[in-house]
Amino acid sequence: MQSTIKDPSLAPEGKLKIEWAEAYMPVLRKIMERFSKTKPLEGFIIGACLHVTKETGVLVRTLAAGGAEVYLAASNPLSTQDDVAAALVEEGVHVHAWRGMSTEDYYKAIASVISAKPDITMDDGGDLTVLIHKLYYDEPGIDVEIAKQVVGKWKIERGSVIGGTEETTTGVIRLKSLAREGKLLYPVIAVNESRTKYLFDNRYGTGQSSFDGILRATNLLIAGKTVVVAGYGWVGRGIAIRAKGLGARVVVVEPDPVKALEAYYDGFYVTDMDEAASLGDIFITATGNTDVIRGEHFRKMKDRAVLANAGHFNVEISVNDLEQLAASKRRIKENVDEYRLPDGRRLYLLCGGRLVNLAAAEGHPSEVMDMSFGNQALAVYYIIKNKNMLENKVYKLPKKIDYNIAKLKLFSLQVKIEKLTPKQREYLRSWRLGT
Ligand code: ADE
């Protein structure tokens, strides 16, 4: 099948970038080496919907080394690195992705992946898996209508997909909701629930890459500013730590009482968005929820407040409300739009409210994606090894795989860890031993 990308001539640059990422992804390299020898994915078609970055390039190479045929669509209209897409096409991957694609092209690209009749789906945010289900259950929706232009009347047969993987919190929430309604058509591995994924990718990956995006877009000084972080899950925690490290005053907005208390004892000022709106110089959303910052909040903001989103979808900052409130709008530079309110105050929205770390920067560093994508590759292997043994549920990867990924990473970092003595192991096992 033909690929649809921006410019095939960018392939040499893309190859160099993938090579750069690969050098910092020792876990994935080890898996690639094993896959190359045993070819466990031979004969399987993998349909993927991921951010098309240099790190994804290394993952796709790993899957191909295992013998899989890979079809790849973007998981966000603004996150594709066009040179990487070109390099992957040159290596035989079927890619449907380019930076700046329209909503229609975005769903058509995912539908092209569905048309390849994948045995395994690999998703980031759930759009591929959900579209497969919407087509199967004849659900209404603009995504379905667009997809039908590509797949026609064809729909996936029950059992034809043997399993799927999901990368992110938002996607896992959507797939668990499908499972709760008894509608999940095949087993899915929630890669996001591996500790070697969320403790590093969500926290340190998003923590750093969100600021990378904000700084590339604005080049503002963070020190001395008030940064409002909405959401105190692993992503919000990571952003708050980095904001503090850069010298910001950090305000956390969080509806979960336990997480809010944690933020308080982590030393942050905790309040609701109603108050935070008037305090912040920079706002970063990381909640997975919709309308977190909306009209009533924009009305209270300082002149020149900056708005950025680090959550998967572009729904956390209500762009609709901003458009309606604003008297005028102009583009300052790539990824920075100025909205002027009727009283003259200016608000700056980054990347149209889309993921700032992938739209304005290059996503998480390769070192953390190494573990996230190590989980992805091993999840595919797990699905194949356990074919016909898994139910149509959302699963975590076994702890042993999590430990193996951590051990491989530690080995690559030349970090030694403590070994328990037999006496210590026995002490931990027994309820008899006290003081
Ligand atoms: N998600 C966040 N960062 C990413 C990256 N560098 N590559 C792929 N997916 C990502």
Side-chain angles (χ1 to χ4, degrees), residues 14 16-25 27-28 46 48-63 70 72-85 87-88 93 95 97-99 106 110 121-128 165-172 190-194 196-214 216 233-236 238-239 242 284-286 288 308-314 351 354-377 379-380:
L16 285 172
K17 277 194 188 167
I18 298 173
E19 208 178 284
W20 173 271
E22 202 173 303
Y24 292 94
M25 301 178 89
V27 173
L28 218 41
I46 298 177
C49 179
L50 301 169
H51 300 294
V52 183
T53 64
K54 58 191 185 308
E55 291 75 24
T56 298
V58 183
L59 171 62
V60 169
R61 277 186 179 174
T62 306
L63 302 172
V70 184
L72 176 63
S75 62
N76 185 297
L78 283 187
S79 63
T80 297
Q81 294 164 8
D82 290 313
D83 46 7
V84 170
L88 291 176
V93 183
V95 185
W98 62 95
R99 182 182 160 89
Y106 175 76
I110 297 177
T121 60
M122 183 175 276
D123 218 346
D124 186 338
D127 278 347
L128 168 62
T165 69
E166 170 52 54
E167 170 80 2
T168 200
T169 318
T170 296
V172 170
V191 164
N192 189 62
E193 293 186 0
S194 293
T196 48
K197 198 279 180 181
Y198 68 80
L199 288 176
F200 307 95
D201 173 313
N202 301 25
R203 179 168 41 173
Y204 301 120
T206 322
Q208 177 170 312
S209 62
S210 297
F211 278 101
D212 188 6
I214 292 167
R216 287 195 206 195
W234 289 109
V235 170
I239 294 171
R242 289 295 165 261
I284 309 172
T285 51
N309 168 49
H312 186 80
F313 287 119
N314 58 335
C351 310
R354 293 201 183 274
L355 277 166
V356 72
N357 61 338
L358 280 141
E362 295 173 63
H364 303 348
S366 310
E367 290 102 318
V368 286
M369 292 315 292
D370 188 27
M371 290 182 279
S372 311
F373 284 169
N375 275 283
Q376 284 283 8
V380 167

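First listed ligand is number 1; within each ligand, the first listed atom is number 1. Position 1 is the first residue of the sequence; numbering continues from there.
- Every residue meeting the side chain to side chain contact (heavy atoms under 4.5 Å, CB included) condition with S372, not counting sequence neighbours, appears here in chain and number order: E167, K197, D201, M369.
- By the side chain to side chain contact (heavy atoms under 4.5 Å, CB included) test, A360 is found to be paired with A217, N335, C351, V356, residues two or more places apart in sequence or in another chain being considered.
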Which N/O atoms of ligand 1 sit under 3.5 Å from a protein N/O, and at what distances?
| unit_1 | atom_1 | unit_2 | atom_2 | d |
| --- | --- | --- | --- | --- |
| ligand 1 | 3 (N) | H364 | N | 2.8 |
| ligand 1 | 6 (N) | E55 | OE1 | 2.9 |
| ligand 1 | 6 (N) | H364 | N | 3.4 |
| ligand 1 | 6 (N) | H364 | O | 3.1 |
| ligand 1 | 7 (N) | T53 | OG1 | 2.6 |

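- D82 approaches W98 most closely through the heavy-atom pair OD1-CA, 3.2 Å.
- The local environment of CZ in F313 is crowded, with over 12 non-hydrogen atoms from other residues, nucleotides or ligands closer than 6.0 Å.
- Going from atom OG1 of T53 over to atom CG of N76 covers 12.0 Å, rounded to the nearest 0.5 Å.
- Applying the salt bridge (Lys or Arg N to Asp or Glu O under 4.0 Å) definition to pairs two or more places apart or across chains, those involving residues 355-364 are K54-E362, R216-E362.
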